[in-house]
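One structure is given here, and the rest of the page talks about it.
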There are 2 protein chains.
Amino acid sequence: MSRNILLISTSTTHGTGYLEHAEGEIKNLLQGKSRLLFIPYARPDSVSHKDYTAKVREAFEKWGISVTGVHEAKDPVAAVKEAEAVFIGGGNTFLLLRQLYQNNLIKPLQERVKQGTPYMGTSAGSNVAGKTIGTTNDMPIVFPKSFEALQLVPFNLNPHYQDPEPGSTHMGETRETRIKEFHTHNTQPVVGLREGSMLHISGDRITLKGSLTARVFLQGQKPQEFKPEDDINFLLEAV
Amino acid sequence: MSRNILLISTSTTHGTGYLEHAEGEIKNLLQGKSRLLFIPYARPDSVSHKDYTAKVREAFEKWGISVTGVHEAKDPVAAVKEAEAVFIGGGNTFLLLRQLYQNNLIKPLQERVKQGTPYMGTSAGSNVAGKTIGTTNDMPIVFPKSFEALQLVPFNLNPHYQDPEPGSTHMGETRETRIKEFHTHNTQPVVGLREGSMLHISGDRITLKGSLTARVFLQGQKPQEFKPEDDINFLLEAV
């Protein structure tokens, strides 16, 4: 497979600007490309598609890449089919997935990525690249027709992964407990991606980027921590 | 309406035993009743229906109330129709709602509660008493056929409500941001119920119980804090 995918935990880490911490990896992903199709459907903080796209455009123009918002296209399916590269930004995962279904973009996106069109996602845009959105942290503010996502990779993502806070008096579930509950009804691996971390998938090779370890949850097993230099290719063989 | 409903944020507050902090309100809700039907579908920490019911049974037997788990009944619908009182416990809201639909319990529960059968819920069991489960904090580990819930009250609940942490470096959305995003696609009020808080609905009167204030979110308005002695009956008039 010729896929070329970058799944980023968060667009903005504490103390850095928008996409700044991922600049090197993004440039690597998009080398040789001059145009990027941005999908703003997740609308963080209820920002408009237009304003969200303007923010993204500003970031990429500095790097010599021009940005079109998919909402600007008369025919979003055609826009995906013609895209040189695709970026799905963060926000609400349920809203994002519903819009992807409503605009019939699931299959065209899958096909483009299979053909090698670079794909990058941040937060919700990383969630929808997984098998399902069943490990999103977001509130279910709208009802999508399915939780099945783009399935660009055969596992699930949990962006903004948080470790349990020592000494917390809060009785709500920890992130780890939630993922454990997910595995009582689902078999695919889940990658807990801490803020600042990324996964780069190039063909049949997957690499963890950033300085932190990632927490990998396999059904019925103890969670494991993997360092950026570790071999995590088993994730691509999950079924 | 003769409804008699107790919606509890969390079954267990920090430093107290199971349901202990709500003992007075629970006894008040169930006065004159000797039997309780427990619905364990939400299965916190993947505990079995049997073990979850055993835990609940132990708590209520001390108070002279006998507990039957709905999973013990050959006909769950008949069990609801004959129940003296109903308790839906916490866990995963998506799993709970899916099981309520699969066992055809939505309408029977609505009818019993309208007729005055006491209903109590904790956490996920409070979520499903609202208009939709659109403001749950849980992971969408299974796909229910709808997010529409029991609608015993015309608003939504957010149990385990958490205020933003001052000085946090985490970039994921705060609870308040999430609820604000909910209101870009939904009109009903949302009650953020902090741990230790409860709502008691008796006929057309609603009262906040516990020592803390509750945060109420109305679409397009600034969130408001209400104290236990405040008049919050407007919540029952929401459409």
Side-chain angles (χ1 to χ4, degrees), chain A residues 9-16 42-47 90-95 97-98 122-124 132-148 156 158-162 165 168-173 175 177-186 190 194-196, chain B residues 9-16 42-47 90-95 97-98 122-124 132-148 156 158-162 165 168-173 175 177-186 190 194-196:
Chain A
S9 175
T10 180
S11 63
T12 314
T13 56
H14 184 68
T16 65
R43 298 183 56 196
D45 291 325
S46 337
V47 73
N92 186 282
T93 307
F94 295 88
L95 183 58
L97 188 60
R98 190 182 70 160
T122 55
S123 195
T132 74
I133 62 161
T135 48
T136 176
N137 310 308
D138 295 338
M139 267 190 185
I141 65 172
V142 296
F143 186 70
K145 66 187 252 185
S146 167
F147 287 165
E148 288 191 17
N156 265 36
N158 181 253
H160 303 279
Y161 183 77
Q162 278 189 300
E165 276 172 66
S168 169
T169 60
H170 185 69
M171 304 303 285
E173 294 89 346
R175 195 67 63 83
T177 301
R178 292 171 194 277
I179 295 171
K180 215 170 145 190
E181 288 183 356
F182 173 81
H183 272 144
T184 61
H185 287 79
N186 302 273
V190 179
R194 295 185 178 87
E195 293 183 340
Chain B
S9 175
T10 180
S11 63
T12 314
T13 56
H14 184 68
T16 65
R43 299 183 56 198
D45 290 325
S46 338
V47 73
N92 186 282
T93 308
F94 295 88
L95 183 58
L97 188 61
R98 190 183 70 160
T122 55
S123 195
T132 74
I133 62 161
T135 48
T136 176
N137 310 309
D138 295 338
M139 267 189 183
I141 64 171
V142 297
F143 186 68
K145 65 187 253 187
S146 167
F147 289 165
E148 288 192 17
N156 266 36
N158 180 254
H160 303 278
Y161 183 78
Q162 279 190 299
E165 275 173 66
S168 169
T169 59
H170 185 67
M171 304 304 285
E173 294 90 346
R175 196 67 63 81
T177 301
R178 292 171 194 277
I179 296 171
K180 215 170 147 191
E181 287 183 357
F182 173 80
H183 272 145
T184 60
H185 287 80
N186 302 271
V190 179
R194 295 184 177 87
E195 294 184 341

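Chain identifiers are assigned alphabetically (A, B, ...) following the order of the sequence lines, protein sequences preceding nucleic acid strands; residue numbering begins at 1 within each chain. Computed from a predicted model, the values in this text were never measured in an experiment.
- Between A:Arg175 and B:Met139, some side-chain heavy-atom pair lies under the 4.5 Å cut-off.
- With a threshold of 4.5 angstrom between heavy atoms, B:Ile179 approaches chain A through its backbone and through its side chain.
- If you measure heavy-atom distances from B:Arg194 to chain A, you find no contacts under 4.5 Å at all.
- At a 4.5 Å heavy-atom cutoff, the contact between B:Thr10 and chain A is made by side-chain atoms alone.
- Neither the backbone nor the side chain of B:Asn156 comes within contact range of chain A; no heavy atoms are under 4.5 Å apart.
- A:Leu95 and B:His185 get closest at one heavy-atom pair: CD1-NE2, 3.4 Å.
- Heavy-atom distances place both the backbone and the side chain of B:Glu181 under 4.5 Å from chain A.
- Proximity to chain A (any heavy atom under 4.5 Å) is restricted, for B:Thr13, to the backbone atoms N, CA, C and O.
- Residue contact with chain B, scored on non-hydrogen atoms closer than 4.5 Å, involves the side chain of A:Thr177 exclusively.
- With contacts defined as side-chain heavy-atom distances shorter than 4.5 Å, the pair A:Glu173/B:Asn92 does not qualify.
- With a 4.5 angstrom heavy-atom cutoff, A:Thr184 touches chain B only via side-chain atoms.
- Note that the CD1 atom of A:Ile141 and the OG1 atom of B:Thr135 stand 11.0 Å from one another [nearest 0.5 Å].
- Proximity to chain B is limited to the side chain of A:Asn186, based on heavy atoms less than 4.5 angstrom apart.
- The closest side-chain heavy-atom distance from B:Pro144 to A:Phe147 is below 4.5 Å.
- The greatest number of non-hydrogen atom pairs below 4.5 Å with chain B, out of A:Gly91, A:Gly134, A:Ser146, A:Gly15, is found for A:Gly134.
- Minimum interatomic distance between A:Ile133 and B:Pro140 (heavy atoms only, all atoms of both residues): O-CG, 3.5 Å.
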